[in-house]
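This report concerns only the one structure given below.
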Protein chains: 2
Amino acid sequence: MHNDDSFDLQGFLPYLLAQAAETASAGFQRHYKDRYGMLRTEWRVLFHLGRYGPMTAKDIGARARVHKTKISRAVAALETKRFLTRNVVTRDRRQAKLDLTKNGQAAFDDLYKAAQAFDAQLMAGFSRQEGAALKRCLAALAAQ
Amino acid sequence: MHNDDSFDLQGFLPYLLAQAAETASAGFQRHYKDRYGMLRTEWRVLFHLGRYGPMTAKDIGARARVHKTKISRAVAALETKRFLTRNVVTRDRRQAKLDLTKNGQAAFDDLYKAAQAFDAQLMAGFSRQEGAALKRCLAALAAQ
DNA sequence: CCTTGTTAGTTACAAAAACAACTAATACGT
DNA sequence: ACGTATTAGTTGTTTTTGTAACTAACAAGG
């Protein structure tokens with residue numbers, strides 16, 4: 001077949017990352033999907049608005065490194081769910097400042113807590129240094 | 001907005017994993033996509049056959065934790081690319097053993113080398129222990 | 001002003017993924 | 001052998017994503 005040294009998929013970093021990401025993502029999905037019918041990008045948009053305050057779609061895209069069409073659709077979905085409102089910026093009418101509604105804020109508060117708990121649960125398997133090192137490595141890989 | 005402790009997206013493990021996985025995946029994609037017109041699942045199927053020898057679609061799905069419809073379509077695509085052949089198993093005619101063709105084998109050899117090099121490049125940013133620890137953590141997370 | 005270029009955001013269309021339903025072959029219990 | 005249940009794999013349909021083209025608003029140079 002081929003000879004040799006023990007390089008297999010389980011040792012291939014992109015594969016490991018994909019598997020771990022999928023597992024983690026699937027685990028947290030039930031919070032925002034099952035409970036609020038949200039997609040992942042919607043959850044991210046909600047998170048940004050809840051965590052950092054009102055901003056435009058552009059701002060979210062820049063922060064989260066997500067393409068503007070995904071943001072656009074997520075914002076539209078969150079608007080129909082009445083989780084946010086759009087307010088056209090008067091000094092530049094192309095932009096719209098996005099504000100969470102009461103409901104949106106409540107959903108954020110709930111999911112924010114859930115996210116913290118979920119993260120803690122995932123990290124529970126590691127020692128403090130190990131976990132910190134893991135996150136540092138991942139951040140470095142993502143920054144490539 | 002909300003009060004308090006510094007929990008943001010950059011510290012949320014599922015987010016970090018998703019970002020790192022996406023970056024790594026996009027980086028390696030050019031090898032199998034640009035050069036062979038393959039999709040990710042096709043590359044994984046090719047990898048399994050090249051690395052572990054002929055097996056059925058079922059086997060690949062079990063090993064790679066991929067759904068059978070994805071495998072089915074990847075196999076069909078690899079067959080039209082003349083990278084593999086199907087051979088119905090006589091003792092159970094539902095199954096087909098998948099064998100790489102010369103071309104398939106050549107593509108695998110090429111991509112296998114590329115994968116090793118790519119992995120080495122990604123790991124270059126880390127010390128030996130750090131890298132090993134990273135992979136151990138990821139494997140543990142994927143196994144959840 | 002008026003042309004040209006750029007930017008924020010949306011929409012339309014193509015590619016891919018997810019999910020469900022299906023076919024054909026085998027296994028099993030009686 | 002016969003009816004039912006499983007299993008391997010495929011196909012069809014719906015969501016979701018990716019890409020490109022578009023609209024509306026602004027900016028800058030003349």
Side-chain angles (χ1 to χ4, degrees), chain A residues 18-19 21-23 25-27 29-30 32-34 36-46 48-49 54-81 84-99, chain B residues 18-19 21-23 25-30 32-34 36-45 48-49 54-81 84-99:
Chain A
Q19 294 294 106
E22 199 187 328
T23 301
S25 182
Q29 210 178 9
R30 69 189 182 79
Y32 58 78
K33 189 178 180 190
D34 295 0
Y36 296 99
M38 281 190 225
L39 257 27
R40 192 157 57 133
T41 307
E42 293 171 45
W43 145 243
R44 285 200 191 167
V45 167
L46 184 84
H48 276 266
L49 293 174
M55 62 180 87
T56 69
K58 175 92 201 297
D59 296 332
I60 300 175
R63 269 180 178 278
R65 304 250 223 81
V66 175
H67 194 267
K68 61 182 181 175
T69 61
K70 274 174 97 168
I71 302 283
S72 175
R73 291 196 261 243
V75 167
L78 289 171
E79 192 183 27
T80 57
K81 288 188 184 82
L84 60 76
T85 58
R86 310 186 201 216
N87 301 94
V88 171
V89 174
T90 48
R91 50 116 118 288
D92 182 350
R93 299 207 311 284
R94 288 171 301 183
Q95 306 184 69
K97 188 156 66 72
L98 306 170
D99 292 273
Chain B
Q19 293 295 105
E22 200 187 327
T23 301
S25 182
F28 191 63
Q29 208 179 13
R30 66 190 182 81
Y32 59 78
K33 189 178 180 190
D34 295 359
Y36 297 99
M38 281 191 227
L39 256 27
R40 193 159 57 134
T41 308
E42 294 172 44
W43 145 243
R44 284 201 190 167
V45 167
H48 275 266
L49 294 173
M55 63 180 88
T56 68
K58 176 91 201 297
D59 296 332
I60 300 175
R63 269 181 179 278
R65 305 251 223 81
V66 175
H67 194 267
K68 61 184 181 174
T69 61
K70 274 173 96 168
I71 302 283
S72 176
R73 283 177 170 128
V75 167
L78 289 171
E79 192 183 27
T80 57
K81 288 188 184 83
L84 60 77
T85 58
R86 310 187 201 216
N87 302 94
V88 171
V89 174
T90 48
R91 51 116 119 283
D92 181 349
R93 301 206 311 284
R94 285 171 303 185
Q95 305 185 61
K97 188 158 66 71
L98 307 170
D99 293 273

Distance (rounded to the nearest 0.5 Å) between [X] [atom1] and [Y] [atom2]:
X     : Y     : atom1 : atom2 : result
A:K97 : A:M55 : NZ    : CE    : 11.0 Å
B:R73 : B:T41 : CZ    : OG1   : 11.0 Å
B:D99 : B:L84 : CG    : CG    : 8.5 Å
A:R40 : A:R44 : CZ    : CZ    : 5.0 Å
B:N87 : B:Q95 : CG    : CD    : 13.0 Å
A:L78 : A:L49 : CG    : CG    : 8.0 Å

Give, ordered by number, those residues of residues 36-43 of chain B having at least one heavy-atom distance below 4.0 Å to an atom of DNA chain C; if nothing qualifies, reply none.
-> B:L39
Going by number, which of residues 63-79 of chain A have a non-hydrogen atom under 4.0 Å from DNA chain C?
->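 Within this stretch, A:K68, A:T69, A:S72, A:R73 sit under 4.0 Å of the strand.
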Would you please name every residue forming a salt bridge (Lys or Arg N to Asp or Glu O under 4.0 Å) with A:K81, sequence neighbours left out?
->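 Partners of A:K81 under the salt bridge (Lys or Arg N to Asp or Glu O under 4.0 Å) test: A:E42.
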If you take all heavy atoms of B:R86 and B:A76, which pair is closest and at what distance?
->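 Distance-wise, the nearest heavy atoms are NH2-CA, 3.4 Å.
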Closest non-hydrogen atom pair, B:A21 against A:A21 =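 For B:A21 and A:A21, the tightest heavy-atom pair comes out as CB-CB, 3.9 Å.
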In whole angstrom, give the distance that lies between atom [atom1] of [X] and atom [atom2] of [N].
X     : N      : atom1 : atom2 : result
B:I60 : D:dG9  : CD1   : C1'   : 12 Å
B:Q95 : D:dT7  : CD    : C1'   : 9 Å
B:E22 : D:dT16 : CD    : P     : 18 Å
B:R93 : D:dT10 : CZ    : P     : 16 Å

Let me see the working for B:Y36 and B:K33 under side chain to side chain contact (heavy atoms under 4.5 Å, CB included), right down to the final yes or no.
-> CA-CA 5 Å; B:Y36 297 99; B:K33 189 178 180 190; over 6 Å; no
In terms of heavy-atom contacts, does CD of A:E22 have more than 12 from other residues, nucleotides or ligands at under 6.0 Å?
->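 Atom CD in A:E22 is not crowded, with 12 or fewer foreign heavy atoms closer than 6.0 Å.
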Terminal contacting nucleotides, 5' and 3', DNA chain C versus chain B (heavy atom, 4.0 Å) |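 It runs C:dA16 to C:dT26.
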Toward the 5' end of DNA chain D, which comes first, A:R91 or B:D92, by nearest nucleotide?
-> B:D92
One would report the end-axis bend of the helix from C:dC1-D:dG30 to C:dT30-D:dA1, five pairs per end and rounded to 10 degrees, as 20°
Side chains of residues 57-68 of chain B: which donor-acceptor pairs under 3.5 Å do they make with residues two or more places apart or in other chains?
residue: B:D59; atom: OD2; partner: B:T56; partner atom: N; Å: 3.1
residue: B:D59; atom: OD2; partner: B:T56; partner atom: OG1; Å: 3.1
residue: B:R65; atom: NH2; partner: B:A142; partner atom: O; Å: 3.4
residue: B:H67; atom: ND1; partner: B:T69; partner atom: N; Å: 3.2
residue: B:H67; atom: ND1; partner: B:T69; partner atom: OG1; Å: 3.2

Would you please classify the geometry between the B:F28 ring and the B:W43 ring as parallel, tilted or perpendicular, with 30° and 60° separating the classes?
-> tilted
